[in-house]
Amino acid sequence: MSKVQPHDLQCLTIDQLEKLAAERMDKQTRDYYNEGADSGTTLAENKSAYQKYRIRPRVLRDVSFIDTSVEIFGFKNSIPLGVAPTAMQRLAHQDGELATARACKKEGVVMGLSSFSTTSLEDVKGALGEEHPGLLQLYLFEDREESKDLIARAKKAGYKAVALTVDTPMLGRRNLEIKNQFSLPRHLKSANFNREGTESEKEAKANIARKRKQEQEASQAGHHDGSQWVSPTGRITFHSHAPNPTLDWERDIDWLKQQCHPEMEVWVKGIATGEDAILACHHGVDGIIVSNHGGRQLNGALATIDMLPEVVEAVRSMDRKMPVHVDGGIRHGTDVFKALALGADFVWIGRPVLWGLAYNGQEGVELCLKLINDEIRLCMGLAGVTKVDEIGKEYLAKINRDGFMSRL
Ligand SMILES: Cc1cc2nc3c(=O)[nH]c(=O)nc-3n(C[C@H](O)[C@H](O)[C@H](O)COP(=O)(O)O)c2cc1C
Ligand SMILES: CC(C)CC(=O)C(=O)O
């Protein structure tokens with residue numbers, strides 16, 4: 001009988017990792033990382049909704065060899081899970097995104113990098129290495145030149161995909177963030193922006209700024225109020241630039257595909273309905289991520305595992321096969337199994353990685369990924385499956401409100 005080899009006796013679960021990390025973060029960081037929007041119901045439900053599902057294990061199947069790997073962006077990922085893009089990782093640990101990248105490389109797990117990282121996208125790709133695919137998360141700015149520049153740099157650095165985040169036309173209301181007057185400490189910066197730039201880049205930006213100012217004066221009532229307006233030459237901060245209320249399927253997705261294809265895939269992150277999944281498919285995106293931004297945007301939105309079935313059904317009704325991923329509230333290997341059984345091709349985790357980083361830098365992130373890896377393997381074995389693509393809805397039952405169980 002094989003004996004379980006713990007990686008760290010102090011930390012055997014993601015829940016324990018969360019507690020250990022909380023002791024090592026300052027209040028500003030802890031609140032920023034852990035908070036959800038408004039009263040936090042969607043944040044809580046992302047996690048609790050997994051309890052509605054139970055696994056129907058099959059027995060007497062030889063599970064002596066289990067393959068947890070899947071292919072993503074042409075890369076053999078060790079588990080059907082990736083690290084979701086989360087901003088400002090150097091708040092958690094001085095090595096920030098570099099520590100996460102090194103851990104992802106070591107554990108064979110794909111990494112999503114936030115546009116608002118505290119390490120440049122080039123340095124992160126350097127740490128991931130040539131073989132390892134990177135995904136760059138994008139906020140498309142109203143100032144297209146900034147976004148264009150970022151996309152060109154990602155392409156040059158060798159990223160395999162971008163994911164446009166579409167659930168942030170406005171920033172969700174995070175009350176602790178407001179109360180703490182959260183901002184990036186002086187010693188850190190949004191490393192992908194606010195670069196000095198060459199003389200000709202500076203000149204081009206100054207021209208855009210002049211043009212914008214003229215347009216604004218002419219219309220007298222731009223759609224930004226004075227407190228939000230930041231000129232294209234001004235500092236880019238997440239408060240000023242992540243939200244973009246002007247994003248639109250027709251104009252922006254086609255533009256993005258033109259900038260990225262064929263070198264980089266274009267994904268859309270933040271799909272929450274079957275209707276939008278169909279639009280994404282019509283607009284030719286390479287894949288979608290069902291997400292509510294970890295409960296940080298629209299409080300009262302459905303938990304992502306509850307949105308997933310309608311999105312999967314909508315996508316399956318289309319002629320073109322488009323992959324569907326999901327994130328939000330995934331804390332156990334059994335959660336990963338349930339999401340795949342409900343039709344997701346792949347899942348992503350956000351906060352658990354930040355907790356790993358805060359607990360012990362690169363080693364903490366490795367620990368987080370190892371714990372989840374162990375749990376996925378164990379769950380597959382105990383459920384009687386040996387390959388990821390064997391996981392289907394016949395392995396799940398749903399517990400309804402009245403406590404009765406139904407087959408899916
Ligand atoms: C602190 C923090 C920062 C985040 N930053 C970004 C970001 O820059 N871009 C983005 O698309 N999503 C961002 N997200 C959302 C994550 O990509 C992901 O959707 C979410 O964390 C998944 O939920 P989970 O934390 O419950 O796993 C962030 C989430 C957290 C917790
Ligand atoms: C740059 C940000 C808006 C980060 C983010 O997406 C978040 O804090 O949820």
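Counting starts at 1 for both ligands and their atoms, in listed order. Hydrogens, waters and symmetry mates are skipped; everything else that's a heavy atom, side chains included, is used.
Using modelled atom types, one finds a donor on one side chain and an acceptor on the other under 3.5 Å when comparing Thr41 with Asn299. A side-chain N or O of Thr118 and one of Glu97 form a donor-acceptor pair less than 3.5 Å apart. With 3.5 Å as the limit, one finds a donor-acceptor pair spanning the side chains of Asn192 and Ser117. A donor and an acceptor atom, one from each side chain of Asp143 and His241, are nowhere located under 3.5 Å apart.
A salt bridge links Lys106 to Glu366: one of the charged nitrogens lies within less than 4.0 Å of a carboxylate oxygen. A salt bridge links Lys52 to Asp306: at least one charged side-chain nitrogen sits closer than 4.0 Å to a carboxylate oxygen.
Looking from atom 9 (O) of ligand 2 to the surrounding protein, the closest heavy atom is Arg296 NE, 2.7 Å. Looking only at heavy atoms of the protein, atom 4 (C) of ligand 2 is closest to Tyr32 OH, 3.4 Å. Residue, atom and distance of the protein heavy atom nearest to atom 5 (N) of ligand 1 are Ala87 N, 3.1 Å. The nearest protein atom to atom 8 (O) of ligand 1, hydrogens excluded, is given as Ser114 OG, 2.7 Å; this is a heavy-atom distance. Of all protein heavy atoms, the one closest to atom 1 (C) of ligand 2 is Phe238 CB, 3.2 Å. Protein heavy atom in closest approach to atom 28 (C) of ligand 1: Thr86 CG2, 3.8 Å.
Every atom of ligand 2 is numbered from 1 in the order shown, and the set under 4.0 Å from a heavy atom of His293 is 5 (C), 6 (O), 7 (C), 9 (O). Of all the atoms in ligand 2, the ones that sit under 4.0 Å from a non-hydrogen atom of Leu171 are 3 (C). Counting the atoms of ligand 1 from 1 in the order shown, those under 4.0 Å from a heavy atom of Thr165 are 10 (C), 11 (O). Contact atoms of ligand 2 toward Phe116: 1 (C) (distance under 4.0 Å to a heavy atom of the residue). Close approach of ligand 1 to Arg331 is summarised as follows: ligand atoms under 4.0 Å from at least one heavy atom of the residue are 24 (P), 25 (O), 26 (O), 27 (O). Atom numbering of ligand 1 starts at 1 in the shown order; those under 4.0 Å from a heavy atom of Gly350 are 21 (O), 24 (P), 25 (O), 27 (O). Every atom of ligand 1 is numbered from 1 in the order shown, and the set under 4.0 Å from a heavy atom of Asp327 is 18 (C), 19 (O), 22 (C). Contact atoms of ligand 1 toward Gly328: 22 (C), 23 (O), 26 (O) (distance under 4.0 Å to a heavy atom of the residue). Listed by atom number, the atoms of ligand 1 under 4.0 Å from Tyr32 heavy atoms are 1 (C), 3 (C).
Atom CG of Leu140 sits about 9.5 Å away from atom OG1 of Thr165, to the nearest 0.5 Å.
Scanning Lys269, Arg296, Gln137 for the heavy atom closest to atom 12 (N) of ligand 1 points to Lys269. By heavy-atom distance, the residue among Tyr33, Trp348, Tyr139, Trp355 lying nearest atom 9 (N) of ligand 1 is Tyr139. Here atom 16 (C) of ligand 1 lies nearest to Pro85 when heavy atoms of Pro85, Ser117, Ser291, Gly294 are compared. Evaluated by nearest non-hydrogen atom to atom 7 (C) of ligand 2, the leading choice among Glu35, Gln137, Arg174, Met88 is Arg174.
Residue Ala84 has no nitrogen or oxygen atom sitting less than 3.5 Å from a nitrogen or oxygen atom of ligand 1, judged on distance alone.
Heavy atoms of Leu354 found under 4.0 angstrom from ligand 1 belong exclusively to the side chain. Residue-level proximity to ligand 1 for Lys47 is absent, since no heavy atom of it falls below 4.0 angstrom.
Taking the ring centre of Tyr159 as origin, the terminal cationic atom of Arg153 falls outside the region bounded by 6.0 Å and 45° from the ring axis.
Contact between Thr168 and ligand 2 is absent, with no heavy atom of the residue lying under 4.0 Å from the ligand. Proximity of Ile289 to ligand 1 is not established, as no heavy-atom distance is less than 4.0 Å.
For Met318, the CE atom is densely surrounded, since the number of other residues' heavy atoms within 6.0 Å is greater than 12. The neighbour count for Glu363 CD, taken as heavy atoms of other residues, nucleotides or ligands under 6.0 Å away, does not exceed 12.
Within the 4.5 Å cutoff, the side chain of Glu35 has heavy atoms near those of the Glu177 side chain. Residues Asn373 and Val109 are not in side-chain contact: their nearest non-hydrogen atoms beyond the backbone lie 4.5 Å or more apart.
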Between Gln297 and Arg173, does a side-chain hydrogen bond (donor to acceptor under 3.5 Å, both in side chains) hold up when you go through it step by step?
-> CA-CA 7 Å; Gln297 284 296 109; Arg173 186 181 173 91; over 6 Å; no

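Taking the six-membered ring where the residue is Trp, the centroids of Trp267 and His325 are separated by under 6.0 Å.
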